[in-house]
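The structure under discussion appears below in the form of structure tokens.
Sequential numbering from 1 along the given sequence is applied to the chain's residues.
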Amino acid sequence: MPKLTINGQAVEVPPGATVLQACESAGVEVPRFCYHERLSIAGNCRMCLVEQEKAPKPIASCAMPAADGMVIHTDSPMARKARKGVMEFLLINHPLDCPICDQGGECDLQDQAMAYGFDRGRYDENKRAVPDKDFGPLVKTSMNRCIHCTRCIRFITEVAGIEELGATFRGEHMEVTTYVEKALSSELSGNIIDLCPVGALTSKPYAFSARPWELRKVESVDVLDAVGAAIRVDVRGGEVLRVLPRLNEAVNEEWLADKSRFACDGLRRQRLDRPYVRRDGKLQPATWPEALAAVAARLDGVQADRIAALAGDLACVESMVALKDLFAAIGSGNIDCRQDGAALDPRTRASYVFNTTIAGIEQADACLLIGTNPRWEAPVLNARLRKRFLAGGFRVALIGQQTDLTYRYDYLGAGPQTLADLASGKLAFGDLLRLAKRPMLILGQGALARPDGAAILALAREVAEKFNMVREDWNGFNVLHTAAARVGGMDAGFVPGHGGRGTAEILQGAQNGTVEFVYLLGADEIDPDLLGKAFVVYQGHHGDEGAHRADVVLPGAAYTEKNATYVNTEGRPQQARLAVFPPGEAREDWKIIRALSEAMGKRLPYDNLAQLRRRMESVNPIFAAPGQVAPVSWGAFGTSGPVQAAPFATLVSNYYMTDPISRASETMAKCTATFIARTGDAKAGAAE
């Protein structure tokens, strides 16, 4: 291992480390613009110049490998003069935009100009002018500010896997552009806003909304997909203005998907802010006592087996545990959290979680995708798959719908018969899986939310066991969820009790009259026509499909408006934090259910969040360890049987609108018009 001296301090670093990394390990700060630890080294900003003894000139520490015996000075007169000269060059063409720039207050260029820059400029020539580019509805450009660090180009190419950004021309005429003007089509494009060290790339929806020192910052987790990315919610007054990623190496590293980042404007549109009761065929505003009394009165005298509840994709564990307890007090086991009808088996936890873990993808050497499109269902997880693919020695195969996943894969077939052929050893990819040291498979909801889902689940288990994916030191069987509430609901036991009805049976009963009362806990993906003439109570935060069909509407809180627990696809319990209060008369979901239980005369035994969470821990001990992935035991799951010939299809047809929040978002509507509608038009034109 190389040993070098930095500012008089001896440092030992791993082989291949750069001088800049050696300086950081010694606790010495070195300024930089182009260098980023998750991107390839460019070495083009020169801000990280340091002095190396016996070298004729300053060296770029980000690009210089650390060698044995090096003596480095980061604060010598030569290094200081070099940095001042570099900063002076960078500011030659930089406009004086700080008073109107959205990056002001959190700008690397500002900070480093103050700390390392020269105290005056000596150039009198006119500054160059660069036309702004149209990167689509999410990223706002001001290319006069660009310092050509190329971070955005490297991210879009290397991490996002979309080769749409590059540099044209040379020297003073260089421009960062999409070559042919077009919107960036990556679901991770918003990350270049965070990466940009100046104000050249900023958030278009957030433009001119606030200054960073006006915002209150709340750490939370994202629930718009099942990855559970760590986020920071920035709030001013009672309004969420933006959502940014937080560092979490185990889940999202420091990236965030575009829907999770930009759909926050949907939190203030189409909101339910008061209770409603249907009178004379119309939903009329009501008080809380009136609404709760209407629900209690309708339930009075109804047999328990004619009462049912469905939990939606954004429901928190607290509300599902409270609703489950209320239905247990009523005596009904007709509850389900699988509103899409996915054949998830509650008997064995290993059958419905991402056992490899998201970070564990980097240890795998082969991957089989079954009925999933991770690029739309979990963009951050897909970026981890691409990262592993680029590292080499990682073969990917797909059974399902062909699409661009941003990495190469072997296409095996479209449906269950291909999976059966693989299980029986008829496909060559089976030999590769057999030889792999750490193979894995990812089973998507498109393969499970089918009439033959239980048989496909059993078939996937057979593949995992046959090809040595499940061992004492490795579990390569993974289920990729699309709903943030799904794993938490399964862990909390929000599934049919003994003799209870599942989603399909509840909807069938509602149509034939054997189910008279349906409680929708944020369940908006249910076709309202399937609810028949049943009395419907909808508890949620947006006036979406469920609210339109309801006979009583109980306004709940969104994920930014309550302290709540969610379990991500890998089975990691995480806690969302209250950033703003719910609008109007809306209340936290578990409190609504607690108040309803009292109105029904079946009072639940918890009066505060701490008591409810103790109840959650008694239901399942995994809720006692937020942030931890509990070990699971392997067992039998699925039901062997015939499979249909129909090909697998992903459940996500429009990445930008998958839930009530994103469907209410104006920004997501623009993305749909830009990316989804145009793609559909292009496909139609190609077909003609």
Side-chain angles (χ1 to χ4, degrees), residues 136-138 187 190 204-206 222-227 229 231 233 239-243 256-273 276 283 310-316 337 339-340 373 376-379 445-446 449 481-486 520-531 536 538-550 553-561 566 576 580 582-584 586 589 650-680:
L138 302 179
E187 297 77 22
K204 189 173 283 187
Y206 175 73
D222 171 55
V223 303
L224 300 191
D225 59 28
V227 172
I231 60 172
V233 181
E239 186 178 356
V240 174
L241 292 184
R242 66 176 178 179
V243 172
L256 189 61
D258 286 350
K259 179 174 57 180
S260 303
R261 180 189 296 265
F262 293 108
C264 59
D265 63 325
L267 290 167
R268 56 181 181 267
R269 293 184 173 89
Q270 299 180 17
R271 290 303 302 271
L272 299 173
D273 60 357
Y276 289 88
L283 285 172
L310 294 171
D313 293 350
L314 303 183
C316 61
C337 64
Q339 64 172 340
D340 57 5
N373 176 4
W376 272 14
E377 295 172 13
Q445 300 304 295
H481 292 275
T482 56
R486 192 62 47 83
L520 300 180
L521 181 61
D524 289 287
E525 313 310 318
I526 299 293
D527 184 352
D529 295 336
L530 299 180
L531 294 170
V536 176
Y538 176 79
Q539 177 181 332
H541 40 77
H542 276 76
D544 210 75
E545 291 284 354
H548 286 289
R549 170 59 183 84
V553 174
L554 306 177
Y559 73 104
T560 55
E561 299 160 1
Y566 294 89
V580 295
D589 293 288
T650 178
L651 296 187
V652 180
S653 58
N654 177 3
Y655 163 72
Y656 297 100
M657 289 187 171
T658 57
D659 55 83
I661 296 174
S662 58
R663 284 194 288 267
S665 166
E666 192 175 283
T667 304
M668 294 297 100
K670 292 178 181 177
C671 289
T672 299
T674 301
F675 301 112
I676 308 301
R678 290 182 185 176
T679 302

Pairing residues for T482 by the side chain to side chain donor-acceptor pair (under 3.5 Å) criterion, not counting sequence neighbours: none

Residue pair D225 / P379, side-chain heavy-atom distance below 4.5 Å: yes

Value rounded to 0.5 Å, distance of OG1 in T658 from CG in L314: 8.0 Å

Nearest heavy atoms of A484 and Y566, plus distance in Å: O-CD2, 4.2 Å

Donor-acceptor pair, side chain of Q539 and main chain of D589, under 3.5 angstrom: yes

From CD (E666) to CE (M668), nearest 0.5 Å: 11.0 Å

pair H481-Q445: side-chain heavy atoms closer than 4.5 Å: yes

Side-chain touch V580/L267, heavy atoms, less than 4.5 angstrom: no

Considering all heavy atoms, the nearest D524-G546 contact: OD1-N, 3.2 Å

Y655 side-chain N/O to K259 backbone N/O, donor-acceptor pair under 3.5 Å: yes

Nearest atoms (heavy-atom pairs only) where S260 meets V243: O-CG1, 3.7 Å

Results of salt bridge (Lys or Arg N to Asp or Glu O under 4.0 Å) for R271 - residues two or more places apart only: E561

Partner residues of Y656 under the ring pair (Phe, Tyr, Trp, His ring centres under 6.0 Å) criterion, sequence neighbours left out: F675

Shortest non-hydrogen contact from H542 toward A547: O-CB, 4.0 Å

Residue list, side chain to side chain donor-acceptor pair (under 3.5 Å) with D313, at least two apart or on another chain: Q339, R486

Partner set under side chain to side chain donor-acceptor pair (under 3.5 Å) for E545, not counting sequence neighbours: none

Flag, side chain of D222 to backbone of I231, donor-acceptor distance under 3.5 Å: no

With D265, the salt bridge (Lys or Arg N to Asp or Glu O under 4.0 Å) member among R269, R261, R268: R269

Distance-minimising heavy-atom pair for D544 and P660: OD1-CA, 3.9 Å

Intermediate values then yes/no, side-chain contact (heavy atoms from CB on, under 4.5 Å), T650 and E377: CA-CA 9 Å; T650 178; E377 295 172 13; 2.8 Å; yes

Gap separating the OG atom of S665 from the CG atom of D659, nearest 0.5 angstrom: 9.5 Å

Set of residues satisfying side chain to side chain donor-acceptor pair (under 3.5 Å) with respect to Q270, sequence neighbours excluded: none

Residue pair L138 / T667, side-chain heavy-atom distance below 4.5 Å: yes

Minimum heavy-atom distance between L272 and P583, given as atom pair plus value: O-CG, 4.5 Å

